[in-house]
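To start, I am sharing the structure in question, which I have written as structure tokens.
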Amino acid sequence: MASKDASGHNPLLDWRPDPSAIAFVGRDLQRPECILAVPDGTLFTADARGGVMRIAPDGTQRLIAQEGPHPPDAPAASPSLLDGTLPNGLAFDRNGDFLISNFGTDRLERMDGTGRTTVLLDSIEGTPLGKVNFVLRDSRNRLWVTVSTRVNPWSDAIRKDLDDGYVVLIDARGARIVADGLHFTNELRLDAREAWLYIAETTAKRITRFRVTADGSLVDREIFGPSSLGRGLIDGIAFDACGNLWGTMILADRLIALTPRGDLIELLDDGDRAGLDRFEAAFATGRPVPFETMLGCGGTLAPLITSVTFGGPDLRTVYLGSLKGDRLPAFRSPVAGQPMAHWRF
């Protein structure tokens, strides 16, 4: 993986986003936690009404609503952060259908362009999955799925001592757990060579990585970068073309990056200090943090920031997802993002 541009310099070392150059995309979005970008400039965001919002390059929007069975306690439309269908992590399958990690129904789902939804996975080893958070498809068409916790409501899992999160691999052999004992497993990414799998351990405030073997097994677990990434909790991650791993620190509303050597770069800080102080004090007790305390955090750009996505034809436009925002901040990066598996179907 490259660590420098053509001049031999890491572009992020002396760059920060210009707040005056940050634009906004979309309107009236509901819980746009995850964002998918395609080369023509179209964006797709998870939507709490149950489905995916399509945002065209000209700004027109269309909700692709899920059609299919929903459990009685998970209505198909809900602005809540605790219940409802709650589409969370998104990916495209090799046919262009949506893969949805549904944080409300506790399932991995597939939805086509008309909204027709089918269940791909809702249990593992004979037990319900738990809080399915994110899904990633790699170049070999394998699916990597994170389950944050088996605790319900998930807000009771926002504490330091709980490590019941895990990773599921779905390949030609079926579905199996390949990593366990993780602290609120969140987004994960593969490096450019797909040699290492990087995982955001949200409530441990760190990135953990595993070496990927030929059969998809994970070995050589280690912490990548600082053992603590500081204030807030790590949520979304994404690689750029120079091998920097960008990350969002929810509750602190910080945007950070780790260089290929693991050095921390602070790119943006838009948090509310008083609200964050209350959260950090509650988190330090080791007890579950009250949901109201978490809701008391958040800045103005992407309130309760969750994810970072590279888009635009050159992959140099950065979009930020969030839990409480109703639009997407967007700005230009000095380096392109690492292309996703779907970038060229």
Side-chain angles (χ1 to χ4, degrees), residues 1-3 12 33-37 46 88-93 99 101 108 132-148 165-171 178-179 182-202 204-213 216 218-226 229 233-250 255-265 267 305-311 315-316 318-321 333 335-343:
M1 180 184 294
S3 61
L12 293 191
E33 203 277 351
C34 186
I35 306 162
L36 290 178
N88 208 70
L90 304 177
F92 286 112
D93 71 9
L99 299 170
S101 296
L108 178 65
V132 183
N133 189 303
F134 192 72
V135 56
L136 177 74
R137 182 171 65 90
D138 68 18
S139 65
R140 297 171 58 180
N141 203 40
R142 298 178 298 189
L143 302 183
W144 303 87
V145 183
T146 64
V147 178
S148 294
Y166 59 98
V167 177
V168 174
L169 174 62
I170 305 175
D171 60 9
V178 289
L182 296 161
H183 292 74
F184 207 89
T185 330
N186 213 304
E187 289 198 12
L188 48 69
R189 301 288 178 179
L190 291 156
D191 64 15
R193 296 186 298 112
E194 298 187 345
W196 288 88
L197 183 72
Y198 293 72
I199 302 167
E201 283 196 88
T202 292
K205 295 176 176 268
R206 70 189 179 205
I207 300 294
T208 292
R209 71 176 185 176
F210 293 84
R211 190 183 302 276
V212 182
T213 66
L218 301 179
V219 298
D220 299 335
R221 177 177 179 171
E222 64 184 28
I223 296 172
F224 176 72
L229 296 170
L233 303 176
I234 184 67
D235 194 318
I237 53 177
F239 277 108
D240 67 27
C242 288
N244 300 300
L245 184 63
W246 296 44
T248 56
M249 300 294 293
I250 192 171
L255 179 65
I256 63 169
L258 297 176
T259 70
R261 295 174 50 185
D263 298 324
L264 176 67
I265 302 172
L267 297 176
I305 189 173
T306 53
S307 62
V308 54
T309 296
F310 292 91
L315 281 170
R316 287 183 57 186
V318 176
Y319 301 95
L320 302 178
S333 164
V335 60
Q338 177 181 298
M340 301 286 289
H342 71 262
W343 200 248

Tell me, do R140 and D171 make a side-chain contact under 4.5 Å, heavy atoms counted? no
Option from I250, T248, N186 for which side chain to side chain contact (heavy atoms under 4.5 Å, CB included) with L233 holds: I250
Candidate list I207, N244, I265, test side chain to side chain contact (heavy atoms under 4.5 Å, CB included), partner L258, passing option: I207
Drop me the distance from E222's CD to R211's CZ, to the nearest 0.5 angstrom. 7.5 Å
Contacts of T208 meeting side chain to side chain donor-acceptor pair (under 3.5 Å) (sequence neighbours excluded), chain-then-number -> E201
Correct closest heavy-atom pair for I35 and G321 would be CD1-N, 3.5 Å
Which value, rounded to the nearest 0.5 Å, describes the distance between W343 atom CH2 and L36 atom CG? 10.0 Å
If you round to the nearest 0.5 Å, how far is CG of L188 from CG of L136? 6.0 Å
Minimum heavy-atom separation for V308 and R189, please, with both atom names. O-NH2, 4.5 Å
Could you give me the CA-CA distance, side-chain angles and deciding distance for W196 and F224, then say whether side chain to side chain contact (heavy atoms under 4.5 Å, CB included) is met? CA-CA 11 Å; W196 288 88; F224 176 72; over 6 Å; no
Verify side chain to side chain contact (heavy atoms under 4.5 Å, CB included) between N88 and V132, making sure each step is shown before the conclusion. CA-CA 8 Å; N88 208 70; V132 183; over 6 Å; no
Correct closest heavy-atom pair for P260 and C242 would be CG-O, 3.6 Å
Say whether, by atom type as modelled, one donor and one acceptor occur between the side chain of T146 and the main chain of F134 under 3.5 angstrom. yes
Check the pair L218 / W144 against side chain to side chain contact (heavy atoms under 4.5 Å, CB included), numbers first and verdict last. CA-CA 12 Å; L218 301 179; W144 303 87; 3.9 Å; yes
So, do L143 and L108 sit near enough that their side-chain heavy atoms are less than 4.5 Å apart? yes
Could you tell me whether a side-chain N or O of T185 sits under 3.5 Å from a main-chain N or O of V147, the two making a donor and an acceptor? yes
So, using side chain to side chain contact (heavy atoms under 4.5 Å, CB included) as the criterion, who are the partners of S333 when residues are at least two apart? W246, F310, V318, V335
Which atom pair, heavy atoms only, marks the closest approach of T213 to R142? O-NH1, 4.5 Å
A46 and L90: which non-hydrogen atoms are nearest, and at how many Å? N-CD1, 3.5 Å
Euclidean distance, L245 CG relative to Y198 OH, rounded to 0.5 Å: 7.5 Å
Could you state the interatomic distance from CG (L99) to CZ (R137), rounded to the nearest 0.5 Å? 7.5 Å
Are I199 and R209 close enough that some pair of their side-chain heavy atoms sits under 4.5 Å apart? no
Under a 3.5 Å cutoff, is there a donor and acceptor pairing between the side chains of S307 and E187? no
Under the side chain to side chain contact (heavy atoms under 4.5 Å, CB included) criterion, do V178 and L197 qualify, and how do the steps go? CA-CA 11 Å; V178 289; L197 183 72; 5.9 Å; no
Do you know which two heavy atoms are closest between L12 and A257, and how far apart they sit? CD1-CB, 3.8 Å
